[in-house]
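Encoded as structure tokens, the structure appears first; notes follow it.
Note that ligands are numbered from 1 as they come in the structure, with each ligand's atoms numbered from 1 the same way.
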Amino acid sequence: MKTRPVKVGTFQIGAKKILIIAGPCAVESEKQMDSIATSLKNLGINFLRAGAFKPRSGPHSFQGLGEKGLEILSKTAKKHNLRTVTEVLDPRDVELVATHTDILQIGARNMQNYALLKEVGKTQKPVILKRGLCATVEEFLLAAEYIFSKGNKKIILCERGIRTFEKDVRNTLALATVPRVKELSHLPIIVDPSHGTGQPSLIPAMSKAAIACGADGLMIEVHPNPKKALSDGKQSLTPIEFKKLLQEIKPIAKAVGKTT
Ligand code: PEP
Ligand code: MN
């Protein structure tokens, strides 16, 4: 099916230009966000990601800065003229999160949280819907349908890997989902190779593979100092590693008729 682009500001997600979203897993401080925003802007990146509400596997891990994190994110974005992506975890926070960001993210753990899907469906904010850890492609598309059926058509799917018996990588990045979604749906689909592999050494190769198989964009975790990160530091790229990745994907994008 022909992909129907989703407009965010002046950018058409799902058209010829590949969407690149980068940034830390979580908002940690004003200084950290200012540092990463400066690096990204210097690299020509216009979309900043960072979570203020974090869906951590355990309750004792850093849960994010909450509303304070949203304020830091929107302040940083304004200063550097960046568009933002941040996760909403709770239906009661949709309105609040929507006032601080350009794109709402529904995380993998919430892909089947139907109350949350319906709530974001009632807004007109673009939504990145991440594939659930154990969701089939059919369930993934039906989750999008929940948002769509409430009136919000601005949905971008995100393949971020699924849980399999393989323990060598954090998740198994199911790239066949990309061309399969293109057969079944008009929604744009991007790939998150950071959660999809959990290993910085594998992220450039999987980014190139994602673009080669037709992905409309990438979402990559980049941190000014991954060793000090409060979440997902192990899978975060440094700005220097990220710069190299951006160079590597250019010829692949060109080969499939896209631009970066
Ligand atoms: C994230 O994007 O930081 C995140 C928590 O992703 P996922 O929901 O895919 O695990
Ligand atoms: Mn993360």
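Not one N or O of E87 is nearer than 3.5 Å to an N or O of ligand 1, by distance alone. The shortest N or O to N or O distance between Q105 and ligand 1 is under 3.5 Å. In terms of polar-atom proximity, defined here as any N/O pair under 3.5 Å, K54 does make such a contact with ligand 1.
For atom 8 (O) of ligand 1, the closest non-hydrogen atom on the protein side is A108 N, 2.7 Å. Here the heavy atom of the protein found nearest to atom 4 (C) of ligand 1 is H195 NE2, 3.4 Å. What sits closest to atom 9 (O) of ligand 1 on the protein, heavy atoms only, is R160 NE, 2.6 Å. Distance from atom 6 (O) of ligand 1 to its nearest protein heavy atom, with residue and atom name: K130 NZ, 3.0 Å. Atom 2 (O) of ligand 1 has its closest protein heavy atom at R49 NH1, 2.7 Å.
Taking all atoms of both residues into account, the shortest heavy-atom contact from N152 to K125 is ND2-O, 2.8 Å.
The shell of residues lying under 4.0 angstrom from ligand 1, judged by heavy atoms, excludes G51. Distances shorter than 4.0 angstrom do not occur between any heavy atom of R131 and any atom of ligand 1.
In summary, the side chains of D232 and H223 do not present any donor paired with an acceptor at a separation below 3.5 Å, with no hydrogens or angles considered. A donor atom on one side chain and an acceptor atom on the other are found under 3.5 Å apart for E221 and H195. For the residue pair T177 / E159, a side-chain donor-acceptor distance below 3.5 Å is found, with atom types taken as modelled.
Here is the list of ligand 1 atoms found below 4.0 Å of a heavy atom in G107: 8 (O). Atoms of ligand 1 lying under 4.0 Å from any heavy atom of C25, numbered from 1 in the order shown and given with element: 3 (O).
The main-chain N or O of C25 is found under 3.5 Å from a side-chain atom of K54 such that the two form a donor-acceptor pair. Side chain of E248 to backbone of P204: no donor-acceptor contact under 3.5 angstrom is found. A donor-acceptor distance shorter than 3.5 angstrom exists from the side chain of T197 to the backbone of P193, with no hydrogens or angles considered.
Considering only heavy atoms from C-beta on, H100 stays 4.5 Å or farther from L73 through its side chain. In this structure, the side chains of R131 and I162 come closer than 4.5 Å at one or more pairs of heavy atoms.
With a heavy-atom cut-off of 4.0 Å, M219 does not touch ligand 1 at all.
With the Mn ion (ligand 2) as the vertex, OE2 (E221) and OD2 (D232) define an angle of 120°, rounded to 10°. Here the Mn ion (ligand 2) is the vertex; the NE2 atom in H195 and the SG atom in C25 give an angle of 170° (to 10°).
The pair E119-K122 counts as a salt bridge, with a side-chain nitrogen and a carboxylate oxygen less than 4.0 angstrom apart.
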